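Have a look at the structure below, then the notes.
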Amino acid sequence: MTPDPITKSFYARPTLTVAAELIGKVLVHETRAGIAAGMIVEVEAYIGEDDPACHAAPGPTKRNAPLYGPPGHAYVYLNYGIHNLVNAVTEAEGSPAAVLIRALEPLDGIELMQRRRSRGNGPVDLAGLCRGPGNLTQALGITLKQNRSDLSRGPLWIEDRGLSPGTASWSRRIGIRVGVERPWRCALVGHPAVSGRPPSPFGLRRAGK
DNA sequence: CGTTCGATGCACT
DNA sequence: GTGCATCGAACGT
């Protein structure tokens, strides 16, 4: 028996609550190629126009419109011209906030995911298959077509299989230049699929010309 | 080990 | 024209 997709009321709550409870849930994407799924092991919260790292910081734009839309929908966008990143919209309509899915433990469709991630070189090891927000969307075949899609209907959804994920803890968000101080990243302690970029002591990088 | 840098597309100013 | 919620190869130590 396959569990039903998590419904809208789950997402229509404070973003930090949703983020914490998404750990251990299962992200599933079904395409013509088949089903691919993994347990969520790492997320980050982006909350409101006051959060400088949130895409809603400049106020409503064409790009961030899904953040202002109904909770329980996907916000997918292209980053660095290469990577699709997937979020679950939270809170309420008009309250721009979302949870970024950063890493999964592969569960279903592993061969399919290997194929999608394969760069023609060697195979990707299991722990690295869905580690990092850009890698997991590639493995699941998530693209901009899934932007604004309803996560309670599919073909992209999140379900509760009653897994016992282990202990999660909060830390600083990764890979952003502003709003770094907010400890809004939630990840399973010691899980091999969690993306670990240790913070460099001098993270400043000057873009030369 | 560590850090740097190129690839790449699109929204935003 | 600029700047990313990234990734991984290519360096240096």
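We name chains A, B, ... by the order of the sequence lines, and we start the count at 1 in each one. As the structure is a prediction and not an experimental result, all values here were calculated from the model.
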Just verifying a value: how many Å separate [X] [atom1] and [Y] [atom2], rounded to the nearest 0.5 Å?
X: A/Met39; Y: A/Leu104; atom1: CE; atom2: CG; value: 9.0 Å
X: A/His29; Y: A/Leu156; atom1: NE2; atom2: CG; value: 5.5 Å
X: A/Asp125; Y: A/Arg117; atom1: CG; atom2: CZ; value: 9.0 Å

Please state how far atom [atom1] in [X] lies from atom [atom2] in [N], giving the value in whole angstrom units.
X: A/Asp125; N: C/dC7; atom1: CG; atom2: P; result: 14 Å
X: A/His55; N: B/dT13; atom1: NE2; atom2: C1'; result: 16 Å
X: A/Leu136; N: C/dC7; atom1: CG; atom2: P; result: 9 Å
X: A/Lys62; N: B/dT13; atom1: NZ; atom2: C1'; result: 16 Å
X: A/Leu78; N: C/dC4; atom1: CG; atom2: C1'; result: 10 Å
X: A/Tyr75; N: C/dC4; atom1: OH; atom2: C1'; result: 11 Å
X: A/Tyr77; N: C/dG3; atom1: OH; atom2: P; result: 17 Å
X: A/Gln138; N: B/dT8; atom1: CD; atom2: P; result: 14 Å

If I pick the P atom on B/dT13 and the same atom on C/dA5, what distance separates them, to the nearest angstrom?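 Pairwise P distance, C/dA5 against B/dT13, rounds to 14 Å.
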
For DNA chain C, the residues among residues 82-89 of chain A that have a non-hydrogen atom under 4.0 Å from it: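 A/His83, A/Leu85, A/Asn87, in order of number.
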
Can a donor-acceptor pair be found, under 3.5 Å and without considering hydrogens, that links the side chain of [X] to the backbone of [Y]?
X: A/Thr15; Y: A/Ala97; answer: no
X: A/Asn64; Y: A/Gly59; answer: yes
X: A/Arg185; Y: A/Ile174; answer: no

Looking only at side-chain atoms of [X], point me to the closest of [options].
X: A/Leu100; options: C/dA5, B/dA11, C/dC7; value: C/dA5
X: A/Tyr80; options: B/dC12, B/dC10, B/dT8; value: B/dT8
X: A/Arg102; options: C/dT6, C/dC4, C/dG8; value: C/dT6

Distance test, side-chain N/O of A/Asn79 to OP1/OP2 of C/dC7, below 4.0 Å: no

Please work out which residues in residues 109-119 of chain A have a non-hydrogen atom less than 4.0 Å from an atom of DNA chain B and list them by number. none

Which side-chain N or O atoms in residues 138-145 of chain A pair as donor and acceptor under 3.5 Å with protein atoms at least two apart or in another chain?
from, atom 1, to, atom 2, distance (Å)
A/Gln138, NE2, A/Arg116, O, 3.1
A/Thr143, OG1, A/Lys145, N, 3.2
A/Thr143, OG1, A/Gln146, NE2, 3.4

Excluding sequence neighbours, so at least two apart, what forms salt bridge (Lys or Arg N to Asp or Glu O under 4.0 Å) with A/Asp108? A/Arg161

Would you sketch DNA chain C in dot-bracket for me? Only Watson-Crick or G-U wobble pairs with both distances under 3.5 Å count, crossing pairs as [ ], other-strand pairs as |, the rest as dots. ||||.|||||||.

Applying a strict under-4.5 Å side-chain criterion to I, L, V, M, F, W and Y, I'd like to know whether A/Ile40 and A/Ile35 cluster together. yes

By the rule that ILVMFWY residues connect when side-chain heavy atoms come within less than 4.5 angstrom, directly or transitively, which residues belong alongside A/Leu67?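 Once heavy-atom contacts under 4.5 Å are chained together, A/Leu67 belongs with A/Tyr46, A/Tyr68, A/Tyr75, A/Tyr77, A/Leu85, A/Val89, A/Leu100, A/Ile176.
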
Hey, mind stepping through A/Arg102 and A/Glu44 against salt bridge (charged side-chain N to carboxylate O under 4.0 Å, His left out) and telling me if it holds? CA-CA 7 Å; A/Arg102 287 194 58 91; A/Glu44 281 176 1; 3.7 Å; yes

Any side-chain heavy atom of A/Thr61 within less than 4.5 Å of one from A/His55? no

